[in-house]
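Since the structure comes first, as structure tokens, the remarks are kept for the end.
Both ligands and their constituent atoms are indexed starting at 1 by order of listing. As the structure is a prediction and not an experimental result, all values here were calculated from the model. All residue numbers in this chain count up from 1 along the given sequence.
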Amino acid sequence: MSGPAYLRRILIVGSGAREHALALALHEHELVIAPGNGGTAQVGRNVDVAVNDVPGLVALAERERIDLVVIGPEAPLTLGLVDALAERSIAAFGPSRAAARLEGSKAFMKDFLRRHDIPTAAFAVFDDAEEAKAHVRAAGRPLVVKADGLCAGKGVVVSSSAEEALDAIERMMVAREFGEAGATVVIEELLPGEEASFHVVCDGTRAVALVAAQDHKRVFDGDRGPNTGGMGAYAPAPIVTEAVHAEVMRAVVGPTLRGMAAEGAPFRGVLFVGLMIDNGTPRVLEFNVRFGDPETTVLVPMLDGDWFELLDGSARGDLGGFTAGTKPGAALAVVMAAEHYPAKPTTGDRIDGLDRAIRAGAFVLHAGTRLDGDAVVTSGGRVLTVGAYASSLAAARGLAYEAVSGITWRGEHHRADIGHRALAR
Ligand code: AMP
Ligand code: GLY
């Protein structure tokens with residue numbers, strides 16, 4: 001290894017704004033990103049290996065003499081990338097394949113919550129479509145139908161009628177719209193309340209909580225229109241009061257870490273608890289075993305601590321010496337999307353105004369972009385995440401939208417109301 005002792009060689013796996021944000025958090029080190037995007041190419045070296053190519057990623061890490069692999073998306077985690085790297089003694093930030101089942105199988109996750117008495121919506125699991133339909137008919141009230149496996153965020157139907165729930169069962173279990181991921185479904189009660197994204201970085205036994213964030217999943221202002229991967233985020237989320245935070249640590253995070261360890265799959269990496277909070281009571285909607293996107297874009301500027309030490313401590317199973325806090329102030333980020341996102345985004349449009357935005361003090365994170373000579377062009381649905389960190393949420397919002405207004409391409413759209421819940425309080 002060349003350079004000073006603290007300089008590490010890090011491989012970041014993924015290609016979204018989340019991975020660009022992590023690259024900036026780790027920019028003092030030598031970075032390789034697989035496959036990366038137009039933004040990560042400016043902080044490190046992109047190598048074109050796909051996130052699902054486990055042997056290809058292991059070979060890349062060996063060839064590049066990588067000290068730490070930081071894995072962004074869930075797919076390689078559920079495919080066992082961390083286990084494959086461990087066989088070659090390469091440290092990786094993320095859970096083992098067995099621990100990644102907390103996200104990879106909703107039936108496993110719900111049964112785990114039940115076994116360990118962790119608060120969540122009441123549910124039943126079905127692998128027979130007729131039995132699932134009979135359950136919906138007997139309930140006679142709106143329910144939530146979830147495909148068991150990974151469906152890139154599309155496998156959840158929050159129904160408003162029995163017909164809608166029956167149709168979801170037909171599409172998932174009979175038509176197999178999501179393939180094997182829909183062979184088993186979880187049907188659960190609709191929970192009232194407000195959502196929050198709660199991230200804890202874990203080393204198997206200990207957990208470091210990051211500031212609570214909130215995402216905006218619907219494509220249009222006022223939380224209307226179809227679900228997306230997320231249209232914007234901010235932190236801190238005032239719905240997560242000190243009391244709610246303490247309750248999540250006591251009733252969710254503690255029992256989850258103890259339960260996973262007791263079941264032989266201690267959890268390392270980041271556990272992203274999707275919460276529904278009703279009258280101060282938090283319940284688990286879902287677990288993700290990776291950082292949220294766009295949440296990461298606001299978590300990165302809010303951490304008062306060293307990102308390498310945090311991720312490396314988790315990967316090595318020792319966060320004992322890690323100390324960090326949350327900065328004062330707030331961060332807010334807006335996703336700028338391509339025409340027709342989320343249905344069928346148009347790509348190949350030239351983006352203008354990027355330099356102007358960065359000069360204004362904002363951060364500009366790339367997702368669906370690629371470099372085309374000197375130009376940056378769109379190459380995906382969520383194109384950029386543009387945000388700011390400032391002394392207050394209102395100030396961060398002002399800076400972020402000022403930067404957004406300077407960036408243009410044909411067909412660009414974004415939400416104008418990111419942070420509305422917190423700002424209305
Ligand atoms: P999930 O992928 O499980 O987080 O579900 C996607 C979205 O569906 C969540 O972010 C919620 O907005 C909604 N959702 C999921 N489960 C429930 C539930 N039990 N009650 C109400 N909304 C839910
Ligand atoms: N922003 C939600 C997610 O990353 O799943």
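Within the 4.5 Å cutoff, no side-chain heavy atoms of Met172 are placed close to those of Lys146.
Closest heavy-atom contact between Phe220 and Gly225: CD1-CA, 3.7 Å.
Only side-chain heavy atoms of Glu195 come within less than 4.0 Å of ligand 1; its backbone N, CA, C and O stay farther off. At a 4.0 Å heavy-atom cut-off, ligand 1 touches Leu191 through backbone and side chain alike. Contacts of Arg290 with ligand 2, taken as heavy-atom pairs under 4.0 Å, involve the side chain alone.
Here is the list of ligand 2 atoms found below 4.0 Å of a heavy atom in Asp215: 1 (N), 2 (C). For ligand 1, the atoms sitting less than 4.0 Å from at least one non-hydrogen atom of Lys146 are 3 (O), 15 (C), 16 (N), numbered in the order shown with element in parentheses. Near Gly292, meaning under 4.0 Å from any of its heavy atoms, are these atoms of ligand 2: 4 (O). Here is the list of ligand 1 atoms found below 4.0 Å of a heavy atom in Glu286: 1 (P), 2 (O), 3 (O), 4 (O).
For a threshold of 3.5 Å applied to N or O pairs, the pair formed by Asp293 and ligand 2 contains at least one separation below that value. Between Val158 and ligand 1, a contact under 3.5 Å exists for no N or O pair.
Under the 3.5 Å distance criterion, with hydrogens and angles disregarded, no donor-acceptor pair is assigned to the side chains of Gln42 and His27. Judged purely by distance below 3.5 Å, without hydrogens or angles, the side chains of Gln214 and Glu194 pair a donor atom with an acceptor atom.
Residue contact check for ligand 2: Gly274 places no non-hydrogen atom closer than 4.0 Å to it.
Evaluation of the salt bridge (charged side-chain N to carboxylate O under 4.0 Å, His left out) rule for Arg290 yields Glu74, Glu103 as partners, not counting sequence neighbours.
Checked for salt-bridge contact, Glu64 and Arg45 meet the test: a charged N lies under 4.0 Å from a carboxylate O.
For the pair Arg18 and Phe291, the cation-pi test (distance below 6.0 Å, angle within 45°) is failed.
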